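What follows is one structure encoded as structure tokens, with my remarks underneath.
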Amino acid sequence: MTKLDKPAYGCIVTFTFTRQGGGHVGFVVGVDAKNNLMVLGGNQGDEVKIAAFSRSRVIGYYWPSIWSGKAVKSSPLPGRYALPVLTSSGKLSTNEA
């Protein structure tokens, strides 16, 4: 995995713990009008869905390596850092259970 300094479309994002038993992980798919991250994840309010997350909860952004007999580090194309603005209710996710 390559650790990124900022989010890119499709990157993996990890979040701080909000409940006993662990943190949360998902895929960045955009931002909302308030610049919160829009994240596709499972077990977000007992659903697989896109939800808004505060950037203050982010532990890190990661880009997967390419596998061709051995792991080869890769990075997103520059255009993936321009995150699309998605419609959001404005309510931030706090229930990853």
Side-chain angles (χ1 to χ4, degrees):
M1 297 287 255
T2 301
K3 187 162 179 22
L4 304 177
D5 293 330
K6 59 185 178 180
Y9 184 84
C11 76
I12 297 165
V13 59
T14 57
F15 295 99
T16 58
F17 304 141
T18 59
R19 61 183 168 85
Q20 186 176 9
H24 190 61
V25 63
F27 296 95
V28 173
V29 295
V31 294
D32 67 10
K34 294 182 179 180
N35 206 29
N36 294 305
L37 292 174
M38 297 298 288
V39 176
L40 172 65
N43 214 19
Q44 293 180 170
D46 294 325
E47 298 179 66
V48 174
K49 66 179 181 180
I50 296 172
F53 283 80
S54 171
R55 290 176 185 251
S56 67
R57 290 187 51 201
V58 172
I59 295 172
Y61 304 105
Y62 303 90
W63 195 256
S65 298
I66 297 170
W67 183 262
S68 60
K70 65 177 183 170
V72 177
K73 281 198 166 201
S74 64
S75 58
L77 294 172
R80 286 188 169 267
Y81 290 103
L83 298 174
V85 178
L86 304 178
T87 302
S88 166
S89 69
K91 183 178 178 188
L92 296 176
S93 179
T94 58
N95 179 17
E96 293 89 46

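From a predicted model like this one, the values you see are computed outputs, not experimental measurements.
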Shortest non-hydrogen separation from [X] to [Y] and the atoms involved:
| X | Y | answer |
| --- | --- | --- |
| Y81 | L4 | OH-CD2, 3.7 Å |
| L86 | M38 | CD1-CB, 3.8 Å |
| V48 | G42 | CG2-CA, 3.9 Å |
| G26 | V39 | CA-CG1, 3.7 Å |
| Y9 | V29 | CE1-O, 3.3 Å |

How far does OG of S93 sit from CD1 of I50, to the nearest 0.5 angstrom?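 With rounding to 0.5 Å, OG (S93) is 12.5 Å from CD1 (I50).
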For the CG atom of D32 and the CG atom of L92, what is their distance to the nearest 0.5 Å?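 Separation between the atoms: 7.5 Å.
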Quiz: residues 59-79 side-chain donor-acceptor pairs under 3.5 angstrom, not counting sequence neighbours:
{"residue": "S65", "atom": "OG", "partner": "M1", "partner atom": "N", "Å": "3.0"}
{"residue": "S74", "atom": "OG", "partner": "P64", "partner atom": "O", "Å": "2.8"}

Partners of N35 by side-chain contact (heavy atoms from CB on, under 4.5 Å), sequence neighbours excluded?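 side-chain contact (heavy atoms from CB on, under 4.5 Å) list for N35, sorted by chain: V31, R55.
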Residues forming a side-chain contact (heavy atoms from CB on, under 4.5 Å) with A33, sequence neighbours excluded: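 Here no residue qualifies.
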Does atom NZ (K3) have a neighbourhood of more than 12 heavy atoms from anything else shown, all under 6.0 Å?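 Result for NZ/K3: enclosed.
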Side chains of [X] and [Y] in contact at under 4.5 Å (non-hydrogen atoms):
| X | Y | result |
| --- | --- | --- |
| L83 | P7 | yes |
| I12 | F27 | yes |
| V58 | F15 | yes |

Using the side chain to side chain contact (heavy atoms under 4.5 Å, CB included) definition, which of the options V25, V28, L40 pairs with V13?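 Between V13 and the candidates, side chain to side chain contact (heavy atoms under 4.5 Å, CB included) is satisfied uniquely by V28.
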